Structures are given as structure tokens and as C-alpha cells.
K.L.:
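The structure under discussion is supplied below as C-alpha cells; questions concerning it will follow.
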Amino acid sequence: MTALFVANRSSVLIDGVAVEGLQSLVYRVVTEREDIRAVGSGERVDVSFGLRSVQGELVIKSANYVLDAHLAGQSSFQVVANLKKDPATDAPRRTLSFDDCYVEGKSFGMDAGGSAVTTYAFSATRIREE
């Protein structure tokens, strides 16, 4: 069964405070891996897995002073995304918790017909899905 979550019903919190002007949240989980080769063969016989990290981006209209402060202070924070389809029903819900996050980069853009947008790149130690 597919669960369809709706952006305008969902919310994203940074340290428990709602993010205003959020345009998108994107993340990926990356796991280091190394192929173990068979001697005398071009095929792998096993795979060794290593460090798992989470990399994400928050795109926010204008700017977010809380994230700016975390970038300047190199301090950690938590991001919690509450994904919902319809809050009035028992529709599917999912909570994504990004633990021990750090802002790693910031980019800013503004075009002639729109408003300013800031993209914050962050890393997290782990993501928990409930």
C-alpha cells in the first residue's frame, strides 16, 4: 500500500520550533561499501559495509536565523518532519527524526520575478522513521 503525504499538511521542526517559509526538505542516506574480490576472478564474493551518514537540504524562502546561528556556531540541532495526509482522519502518518545535525553549507538565490531562497545543506548522525 502506498502512503501519499501532502506538503501543506506536514510540518518540519528545528529543535521543536516550526520552520516558516519551508519550500522543500530533501535527504539521502549514504552507506560506504567495499567489494571483496575473489582471488584470480573478476567477480566479488562479498560486500563489506562501513559508515552510514545522512545528508540533507532545507530550502527556505528568504532565510532562517536559527539555521544561520547553527552554521556560525557550528552547533548541533535536531530536525523532525511530521508527514501527514489529512490531520482530520486516521490517514497514514510518518515522523522522520534527524539526530545530531550540523549545517555544512548555505547557498542563496534570488531571481527577478521571485523572492529570495536560501538552501541549507546539513548532515545528521542518523535518521529515525516512526
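Quick caveat: nothing in here was measured; it's all calculated off a predicted structure.
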K.L.:
Roughly how far, to the nearest 0.5 Å, is the CD atom of Gln55 from the SG atom of Cys101?
P.N.:
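Here the rounded value is 12.0 Å.
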
K.L.:
Please examine the side chains of Asn82 and Leu13, heavy atoms only from C-beta on, and report whether any two atoms are closer than 4.5 Å.
P.N.:
yes

K.L.:
Taking atom CD of Glu129 as the centre, does the number of heavy atoms from other residues, nucleotides or ligands within less than 6.0 Å exceed 12?
P.N.:
yes

K.L.:
Do you know the tightest heavy-atom contact between Val6 and Asn8?
P.N.:
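Where Val6 meets Asn8 most closely, the heavy atoms are CG1-OD1, 2.8 Å.
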
K.L.:
Mind checking whether Leu58 and Ile14 have side chains closer than 4.5 Å, heavy atoms only?
P.N.:
yes

K.L.:
Just checking, any donor-acceptor pair under 3.5 angstrom between side chains of Ser123 and Glu104?
P.N.:
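Yes, because at least one side-chain N or O of Ser123 sits under 3.5 Å from a partner of the opposite role on Glu104.
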
K.L.:
List in chain and number order the residues that pass side-chain contact (heavy atoms from CB on, under 4.5 Å) with Ser115, two or more places apart in sequence or in another chain; answer none if no residue qualifies.
P.N.:
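side-chain contact (heavy atoms from CB on, under 4.5 Å) check on Ser115 returns Lys61.
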
K.L.:
Looking at Arg37 and Asp35, does any basic side-chain N land under 4.0 Å from a carboxylate oxygen?
P.N.:
no

K.L.:
Please set out all donor-acceptor pairs under 3.5 angstrom arising from side-chain atoms of residues 16-26, sequence neighbours excluded.
P.N.:
residue: Gln23; atom: NE2; partner: Gly21; partner atom: O; Å: 3.3

K.L.:
Hey, could you give me the CD/CG distance between Gln78 and Asp100, rounded to the nearest 0.5 Å?
P.N.:
10.0 Å

K.L.:
Counting neighbours of OH on Tyr65 that are heavy atoms of other residues, nucleotides or ligands and sit closer than 6.0 Å, is the number greater than 12?
P.N.:
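Not buried by this count: 12 neighbours or fewer within 6.0 Å.
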
K.L.:
Residues in salt bridge (charged side-chain N to carboxylate O under 4.0 Å, His left out) with Arg52, at least two apart?
P.N.:
none

K.L.:
Sequence neighbours left out, what passes ring-ring contact (aromatic ring centres under 6.0 Å, His included) with Phe98? Give chain and number order.
P.N.:
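Scan of Phe98 (ring-ring contact (aromatic ring centres under 6.0 Å, His included), adjacent residues dropped) gives Tyr27, Phe122.
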
K.L.:
For residues Phe5 and Lys85, report the shortest heavy-atom separation together with the two atoms involved.
P.N.:
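Heavy atoms only, the tightest pair is CD2-N, 4.3 Å.
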
K.L.:
Do you know the tightest heavy-atom contact between Ser10 and Lys84?
P.N.:
OG-N, 3.0 Å

K.L.:
Which heavy atom in Glu57 sits nearest to a heavy atom in Ala121, and how many Å separate them?
P.N.:
CG-CA, 4.2 Å

K.L.:
Where do Ala69 and Ser75 come nearest, in terms of heavy atoms and distance?
P.N.:
O-OG, 4.4 Å

K.L.:
I need the full list of salt bridge (Lys or Arg N to Asp or Glu O under 4.0 Å) pairs touching residues 66-79, with sequence neighbours left out, sorted by first then second residue.
P.N.:
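Found Asp68-Lys106.
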
K.L.:
Between Val80 and Ile127, is there shared hydrophobic-cluster membership here, with clusters defined by ILVMFWY side-chain heavy atoms closer than 4.5 Å?
P.N.:
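Cluster IDs for Val80 and Ile127 differ.
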
K.L.:
Any idea which heavy atoms bring Met110 and Gly114 closest together, and the distance?
P.N.:
CG-O, 4.5 Å

K.L.:
Could you state the interatomic distance from CG (Asp15) to CG (Leu67), rounded to the nearest 0.5 Å?
P.N.:
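So the gap between those two atoms works out to 9.0 Å.
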
K.L.:
Restricting to salt bridge (charged side-chain N to carboxylate O under 4.0 Å, His left out), what partner residues turn up for Glu130, sequence neighbours left out?
P.N.:
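Expected list: Arg128.
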
K.L.:
Could you tell me if the side chain of Tyr120 sits less than 4.5 Å from the side chain of Ile60, heavy atoms only?
P.N.:
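Heavy-atom side-chain distance check passes, below 4.5 Å.
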
K.L.:
With the 4.5 Å side-chain cut-off for hydrophobic clustering, are Val79 and Val66 part of the same group?
P.N.:
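Yes, Val79 and Val66 fall within the same hydrophobic cluster.
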
K.L.:
Establish whether Val12 and Val117 are linked, either directly or via other cluster members, by ILVMFWY side-chain heavy-atom contacts under 4.5 Å.
P.N.:
no

